[in-house]
Number of protein chains: 2
Amino acid sequence: MFKELDPLLHSQLRLAIMSLLLGLDSADFTFLKEKTNSTAGNISVQLDKLSEAGYISIEKSFNGKKPLTTCKITKKGIKAFEDYVNSLKTYIKN
Amino acid sequence: MFKELDPLLHSQLRLAIMSLLLGLDSADFTFLKEKTNSTAGNISVQLDKLSEAGYISIEKSFNGKKPLTTCKITKKGIKAFEDYVNSLKTYIKN
DNA sequence: ATAAAGTAGTTTATAATATAAACCAAAATT
DNA sequence: AATTTTGGTTTATATTATAAACTACTTTAT
């Protein structure tokens with residue numbers, strides 16, 4: 001009947017992050033922070049969780065002298081997102 | 001960009017309950033418990049929350065000698081569900 | 001040159017949530 | 001009459017989301 005909803009994706013902020021990353025080659029910390037209208041702390045925590053799950057990859061470098069955190073969605077992440085959306089449909093369709 | 005997700009509906013079990021109620025005239029406690037594959041305690045708590053928010057109405061009666069808790073979705077609940085689905089679409093549509 | 005403000009984050013604390021476990025009362029079963 | 005089942009509620013616990021506080025540096029103003 002109802003499919004399980006991956007708890008890692010069933011979170012407003014993490015879902016927003018994944019949704020953004022799905023449409024882009026990559027995105028940096030500040031971009032995600034602005035687009036999601038969230039706080040740095042919250043973003044930081046959620047990126048870690050997504051990264052630990054293997055849903056995104058994170059690269060830390062420097063943009064000139066400033067730290068730069070770049071995120072990409074992984075294949076596993078794309079799959080998880082698609083599965084999540086499919087599961088969701090068992091709740092909201094019709 | 002992303003719309004807020006009503007935290008009351010952004011919960012697997014409450015969403016399942018609402019989804020069920022949306023398609024029925026009414027449903028009783030046991031039915032909801034079985035269809036959602038959840039525990040009585042969890043159902044009880046979530047029904048209270050939905051009821052307090054005015055998303056459902058709860059009627060307690062007896063079926064012969066057995067207690068019977070009957071739930072109906074309210075107009076407010078239907079509206080909230082629709083809004084939730086629309087908000088959700090800002091995250092999952094491509 | 002140095003103080004103040006801004007950037008790009010991380011870590012820690014707190015409040016809210018979901019969930020399960022324990023419990024209760026009555027009814028049905030053995 | 002003791003045990004199990006039914007239909008729940010209440011309480012406890014573990015997880016989560018979120019914000020607040022902090023770090024480390026850079027840029028800007030004085």
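Chain naming here is simple, since letters A, B, ... match the order of the sequence lines and numbering starts at 1 in each.
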How would you label the contact of Ile43(A) with the nucleic acid (heavy atoms, under 4.0 Å): base, sugar-phosphate, or nothing? nothing
Rounded to whole angstrom units, what separation is found between the CZ atom of Phe31(B) and the C1' atom of dG7(D)? 17 Å
Distance (rounded to the nearest 0.5 Å) between Ser11(B) OG and Met18(B) CE: 11.0 Å
Measure from the side-chain N and O atoms of Thr90(B) to the backbone N and O of Lys3(B), and report whether any donor-acceptor pair falls under 3.5 Å. yes
Distance, rounded to the nearest Å, where Lys33(A) contributes NZ and dA8(C) contributes P: 9 Å
Asn37(A) CG to dA17(D) C1', in whole Å, measures 16 Å
For Leu47(A) and dT11(C), give me the distance from atom CG to atom P, rounded to whole Å. 13 Å
So does Leu15(B) get a backbone contact from the side chain of Ser19(B), meaning a donor-acceptor N/O pair under 3.5 Å? no
Which nucleotide sits closest to the side chain of Lys65(A): dG9(C), dT11(C), dT26(D)? dT26(D)
Does the side chain of Lys49(A) get closer than 4.0 angstrom to OP1 or OP2 of dT15(D) through an N or O atom? no
What contact category does Ser11(B) fall into here, base, sugar-phosphate, or nothing, at under 4.0 angstrom with non-hydrogen atoms? sugar-phosphate
Given atom CG of Leu8(A) and atom C1' of dT15(D), what is their separation to the nearest angstrom? 12 Å
Identify which nucleotide among dG9(C), dA19(D), dG8(D) has an atom closest to any side-chain atom of Asn42(A), counting heavy atoms from C-beta outward. dA19(D)
When you measure from the side chain of Ser87(B) to the backbone N and O of Leu5(B), does any donor-acceptor pair fall under 3.5 Å? no
Rounded to whole Å, the CD-C1' distance (Glu59(A) to dA8(C)) equals 17 Å
For Asp48(B) and dT10(D), give me the distance from atom CG to atom P, rounded to whole Å. 7 Å
With the side chain of Ala40(B) defined as its heavy atoms from C-beta on, choose the nearest nucleotide among dG7(D), dG8(D), dG9(C). dG8(D)
Comparing Gln46(A) and Val45(B) on DNA chain D - which has the more 5′ nearest nucleotide: Val45(B)
Could you please name the option among dT16(D), dT10(C), dA18(C) that lies closest to any side-chain atom of Arg14(B)? dA18(C)
Hey, is the main chain of Gly54(A) close enough, under 3.5 Å, to the side chain of Thr74(A) for a donor-acceptor pair? yes
Check for a donor-acceptor pair, side chain of Ser44(A) on one end and backbone N or O of Ala40(A) on the other, with a separation under 3.5 Å. no
Nearest to the side chain of Leu13(A), which nucleotide is it out of dT18(D), dA20(C), dG7(D)? dT18(D)
Of the nucleotides dG8(D), dG7(D), dA20(C), which has the atom closest to the Thr39(B) side chain? dA20(C)
Report the residue (Thr69(A) or Ser38(B)) whose heavy-atom-nearest nucleotide on DNA chain C is the more 5′ of the two. Thr69(A)
Give Thr30(A) one of three labels, base, sugar-phosphate or nothing, depending on what nucleic acid heavy atoms sit under 4.0 Å from its own. sugar-phosphate
Rounded distance in Å - NZ (Lys60(A)) to C1' (dA8(C)): 9 Å
With the side chain defined as heavy atoms from C-beta on, Pro67(B) is closest, among dT10(D), dA18(C), dG7(D), to dG7(D)
